[in-house]
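Notes follow once the structure below has been shown.
Letters A, B, ... mirror the listed sequences (proteins, then strands); counts begin at 1.
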Amino acid sequence: MDYHFRDIEQKWQKFWADNQTFKVDNTSEKPKYYVLDMFPYPSGAGLHVGHPLGYIASDIFARYKRLRGFHVLHPMGYDSFGLPAEQYAIQTGQHPAITTETNINRYREQLDNLGFSFDWSREVRTSEPSYYKWTQWIFMQLFEAYYDKQADRAMPIAHLVAHFERQGTDGIQAVCDEDVRQFTGDEWRSFSDEDRERELLKYRLAYLRESSVNWCAALGTVLANDEVVNGVSERGGYPVEQKKMLQWSMRITAYAERLLTGLDTIDWPEPLVEMQRNWIGKSIGASVRFDVAGHDAAIEVFTTRVDTIYGVSFVVLAPEHELVTQLTTAAQQAEIETYIERTGRKSERDRMADTKTVSGAFTGSYALHPLTGEQVPIWIADYVLAGYGTGAVMAVPSGDQRDYLFAKHFNLPIIPVTDAQVIDEEADARKEGKYINSGIINGLEYKEAVEVLIAKLEDIGHGKAKINYRMRDAIFGRQRYWGEPVPVYFKNGLPRLIAESELPLLLPEVDKYLPTETGEPPLARATNWKYQGQYEYEWSTMPGWAGSSWYWYRYMDAHNDKEFASKQAINYWKAVDLYIGGSEHATGHLLYSRFWNKFLKDMGFVVEEEPFKKLINQGMIQGRSNFVYRVLDEEGKGTNIFVSYGLRDQYTTAPIHVDVNIVSNDVLDIDKFKAWRPEYVDAAFILEDGKYICGTEVEKMSKSKYNVVNPDDIVANYGADTLRMYEMFLGPLEQSKPWNTNGISGVYNFLRKFWKLFHDAQGNFAVSDAEPTKAELKSLHKIIRKVEEDIERFSFNTSVSSFMICVNELTELKCNKRAILQELVIVLSPYAPHITEELWTLLGNAPGTISYASYPVFNPNYLVESEFEYPISFNGKMRMKLNMSLDMDIDEVEKTVLGNEEVQKFIDGKAVKKVIVVKGKIVNVVS
RNA sequence: GCUCGGAUGGUGGAACUGGUAGACACGCAGGACUUAAAAUCCUGUUCGCCUUAAAGCGAGUGCGGGUUCGAUUCCCGCUCCGAGUACCA
């Protein structure tokens, strides 16, 4: 019988589903292993061939781990809240839940086609009330918690309340808003309930705050920074403005340090770790206070170079700084106002593009240098950002290039601070040499100087060492419909949690998925949607990252309606051992998930500080577009003639995207092209070598470029096993690469060759029980070891090559021995699960048992060689080979080599200076 | 600009700690089978030179240097491509 992949694959997929082959319990004698994929958003376009890349890799890994005796959790689900379904709902009026359901069913079909070993009994969907009940529950925990700096962990807010009652704010070290009040215990107890609530909100980890947001009036929503491109919305290109809004936020900054240090404990790709580090943006420096001459005001600055403080020749405030109005003198008022007006009008894009032009305005006031008491002018300039540090800097032109340019432009003094500085052309930020012009630190070096200065500044009450983070608190709300409702209602303008027993707070029905006429979010449209019939609920919904920030725990216990997951399940599975997904989630999902995980751990709900022990990024699969070249007439109008790629230079042409599915190895199928669209029915072609060759280009895979390849089509033509192996064969997992179906026949042929090993010329299943030969055992054990090594380092592509080599060797040896083939079937099964299940059963094993078989034990004895064909190189250039026993020691090898006639020919009478022998590797004769 | 990643035949890629560069596969060329085509099988395939052929010679892993008996691999300097980030004091 030939290799009929269609029958085989359907048969086994059904078998696995019917027998729940991959369903696992939350307990086992075996060691556990948790393999997780980043779950998909089920879009209407369905899966293209790039999506399963990571799933195939993780599935191979999961199947391999099972063979190695691990109890493997390998689940899948859907991140099913999201904008596209909502956008579609706005256009069509169809409820997003319906679209989502349809899309999920399609995804499931496509996934099932590929033979993944997911435990589908644990499927989750973030948009299901049974799931988002727990997302809301976690939100409530965050609302009911604050971050205690002394304990360095989150604590129940009740703990804070008890402290306030006892001794007020005295002795409290908590992460909080800037405008918290100081009070005694007596004062606290005298506060009204509402005052207390108002104050507590400033400490809660989930809190409301006036935030500046990207408001897009046309879309009626707030956009994330990455949804704004060049000052307009990514979707639709509508104008976006900055608007102050009361928004739910998450105090992720409380965890900045732990998020940073945790990076050292996890095995993630270095670029990704680096991205998170940059995002957190820790800088160690000092905050310094400059008093203002003639005003009862002080300017707080943050600097990472307190050692250059004697080089300060001016102070710069952000145009938005709160002191600007107060410090502007009458004489400078017009200039300052003009400047503020001008920078305010500048779009985000202009401000970014225009980093070269120096601009600013003098306020007319002077700051007092905290150490020298000298007066330095106070300027405003848009190179100082209101949102970072204190929105004010001490300018040291000799040590900072931006300050340098500013000083040059406005003719301000540039004071060198070390004897090593070279500042004729530009600022010199090196920390070398000894300090000059620097009062108490003259003659000192960097490290010493910083210590002296910090001590002095603290002593005079003008500054202290300080650590600054670039990361901001995360906004946790969208003015959208298709998301988790926030379990909060408002009473006298203050947010209150609903009762835990009232969860889930269901997403209400609305007549339209648009904002109201007054600009309120869609949820404001819901009729009779009030808490206890009288209080308004929160109208924002949670952002896209809410549901994905904890989903790996739900898989552990997906149907629990008492807890988000049972203690027992969490204690068993603990954390994800291997996580595979795209690097585009580096600073979003992966950072928020680590944050929530740390919080859940602080509160005692989970056990691990880091949720994802090892992480692998799969590369993006790009599209590879094909083009035909339409010939243009003299007037530049398109004709119905198309010229082949190689001849297109002889004509004026316009390239047109052509569906890659009617092109094979860049040769156009002309009949299919004519049938593709009515306008091409009568198309004429100018061919080369009797063929129409298409041009190619690597682009994003998208419908509009006709370069989308659907895995279903590949499966129909070659089978899932071929697709799985081909995706791996394409190259290293982490690397981005264009999809090209051209090479797939190589993998397909490999599987057929593999199949043939088990069958005689007539196609009958035929294996022999004869003793395997040395050569056969060598071939087998080479692959046993190779696959082991490759999988452990996620080098799947090299394994596929090695399988091909192995099958080529066994074919050559005409090997059909059970002792060899049965083991080979196990080794190959993670990669090609269907064909191996079939052959496993044909070999007489119980159906379905291969998934839990034991991976063969590698025996190095089969690979031991007695002889080695030494490459003999002369001055580093390989010229010939010489077969020698591996028992020979270095001297013997050297003697044999020099005694060889052919070797002497290459030496050609020259004096041999040296002979280098590396045993079992190489001989190099130096002359 | 800064940070990170990358560059190897016509193509995808291999070479794991410095030791035979181009495994494996695609494509291409030639051949077998066939009335023919497809499919399949076999042979060749880094480039250049030389040769009827066998063989031989030279160059070669983005570019220029260096270390080494020996460098795709290590070091220094550059070029180009991709990703992230955006005046972060």
Legend entry - Side-chain touch A:Met701/A:Val49, heavy atoms, less than 4.5 angstrom: yes

Using residues 780-789 of chain A as the side-chain source, report each donor-acceptor pair under 3.5 Å to any protein atom, sequence neighbours left out, with the distance given to one decimal.
unit_1	atom_1	unit_2	atom_2	d
A:His781	ND1	A:Asn859	N	3.0
A:Lys782	NZ	A:Glu809	OE2	2.9
A:Glu788	OE2	A:Arg68	NH1	3.2

Inset, instruction - Using the C1' atom on both, measure B:C63 against B:G6 and round to a whole Å. - result: 16 Å

Inset, instruction - State plainly whether the residues A:Lys895 and A:Asp889 are in salt-bridge range, i.e. N to O under 4.0 Å. - result: no

Legend entry - Options B:G5, B:C57, B:G84, nucleotide nearest the side-chain atoms of A:Pro271: B:G5

Inset, instruction - Remember a base hit wins even if backbone is also touched, and classify A:Val393 as base, sugar-phosphate or nothing at under 4.0 Å, heavy atoms. - result: base

Legend entry - Whole-Å distance separating the CG atom of A:Asn875 from the P atom of B:C57: 14 Å

Inset, instruction - Using the P atom as the reference point in each nucleotide, state the distance between B:C57 and B:A21 in Å, no decimals. - result: 14 Å

Inset, instruction - Determine the interplanar angle of the A:Tyr726 and A:Phe729 rings, folded into 0 to 90°, and report it as parallel if under 30°, tilted if 30 to 60°, perpendicular if over 60°. - result: tilted

Legend entry - Charged tip of A:Lys431 within 45° of A:Tyr446 ring normal and under 6.0 Å: yes

Inset, instruction - In whole angstrom, give me the gap between the C1' atoms of B:G48 and B:G82. - result: 33 Å

Inset, instruction - Take atom CD1 of A:Ile621 and atom P of B:G12, then tell me their distance rounded to the nearest Å. - result: 14 Å

Inset, instruction - Quick one: classify the glycosidic conformation of B:G30 as syn or anti, with syn meaning within 90° of 0. - result: anti

Legend entry - Separation between the P atoms of B:A25 and B:U43, rounded to whole Å: 12 Å

Inset, instruction - Let me have a per-nucleotide readout for nucleotides 15-32 of chain B, 5' to 3', with B, S or -, counting only protein heavy atoms under 4.0 Å. - result: SB--BBS-BBSSS-----

Inset, instruction - Check whether any side-chain N or O of A:Arg402 sits under 4.0 Å from OP1 or OP2 of B:C88, and answer yes or no. - result: yes

Inset, instruction - Under 4.0 Å between any heavy atoms, over every strand shown, what does A:Arg472 touch: base, sugar-phosphate, or nothing? Just pick one. - result: nothing

Inset, instruction - Could you tell me the separation between the CG atom of A:Leu272 and the P atom of B:G84, rounded to a whole number of Å? - result: 12 Å

Legend entry - Pair assignment for RNA chain B - dot-bracket with | for other-strand partners, Watson-Crick or G-U under 3.5 Å: (((((((..(((......[....)))((((((.......))))))((((......))))..(((((..]....))))))))))))....

Legend entry - Phosphate OP1/OP2 of B:G82 contacted by A:Gln735 side-chain N/O (<4.0 Å): no

Legend entry - Atom P, compared across B:C76 and B:U67: separation rounded to whole Å: 15 Å

Legend entry - A:Thr303 side chain near A:Val288 side chain, heavy-atom distance below 4.5 Å: yes

Legend entry - Between B:G44 and B:C81 - P atom distance, rounded Å: 40 Å

Inset, instruction - Between B:C28 and B:G77, how far apart are the C1' atoms? Round to whole Å, please. - result: 40 Å

Inset, instruction - Look at all strands and tell whether A:Pro738 reaches a base, only sugar-phosphate, or nothing, counting heavy atoms closer than 4.0 Å. - result: nothing

Legend entry - Validation row: A:Arg277, A:Val273 side chains within 4.5 angstrom (heavy atoms): yes

Inset, instruction - Rounded to the nearest angstrom, tell me the gap between atom CD in A:Gln276 and atom C1' in B:C4. - result: 14 Å

Legend entry - Below 4.0 Å: OP1/OP2 of B:U40 and any side-chain N or O of A:Arg752: yes

Inset, instruction - With A:Tyr718 as reference, evaluate A:Tyr3, A:Phe5, A:Tyr748 under the ring-ring contact (aromatic ring centres under 6.0 Å, His included) test and give the passing residue. - result: A:Tyr748

Legend entry - A:Glu699 with A:Arg624: basic N within carboxylate O range, under 4.0 Å: no

Legend entry - A:Glu274 vs A:Ala392, nearer the 5' end of RNA chain B by closest nucleotide: A:Glu274

Legend entry - Rounded P spacing from B:U72 to B:G66 in Å: 15 Å

Inset, instruction - Decide if atom CD of A:Gln904 counts as having more than 12 heavy atoms of other residues, nucleotides or ligands within a radius under 6.0 Å. - result: yes

Inset, instruction - Output, in order, the C-alpha distance, side-chain angles, deciding distance and verdict of side chain to side chain donor-acceptor pair (under 3.5 Å) for A:Ser802 and A:Ser799. - result: CA-CA 5 Å; A:Ser802 304; A:Ser799 283; 5.8 Å; no

Legend entry - Distance test, side-chain N/O of A:Lys914 to OP1/OP2 of B:C69, below 4.0 Å: yes

Legend entry - Rounded interatomic separation in angstrom, taking CD from A:Glu300 and C1' from B:A89: 14 Å

Inset, instruction - Indicate, with a heavy-atom threshold strictly under 4.0 Å, whether A:Ser583 touches base, sugar-phosphate, or nothing. - result: nothing

Inset, instruction - Considering just the side-chain nitrogens and oxygens of A:Ser736, establish if one lies under 4.0 Å of OP1 or OP2 belonging to B:A83. - result: no

Inset, instruction - Using only side-chain N and O atoms of A:Arg277, determine if any of them is under 4.0 Å from OP1 or OP2 of B:C2. - result: no

Legend entry - Distance in angstrom units between A:Glu734 CD and B:G13 P, rounded: 13 Å

Legend entry - Test item: A:Ile340 and A:Glu320 side chains (from C-beta on) under 4.5 Å apart, heavy atoms: no

Legend entry - d(OH, A:Tyr726; P, B:G13) in whole Å: 10 Å

Legend entry - Along RNA chain B (nearest heavy atom to each residue), the more 5'-positioned of A:Tyr469 and A:Tyr748: A:Tyr748

Inset, instruction - Check the distance between B:G5's C1' and A:Met620's CE and give it to me in whole angstrom. - result: 14 Å

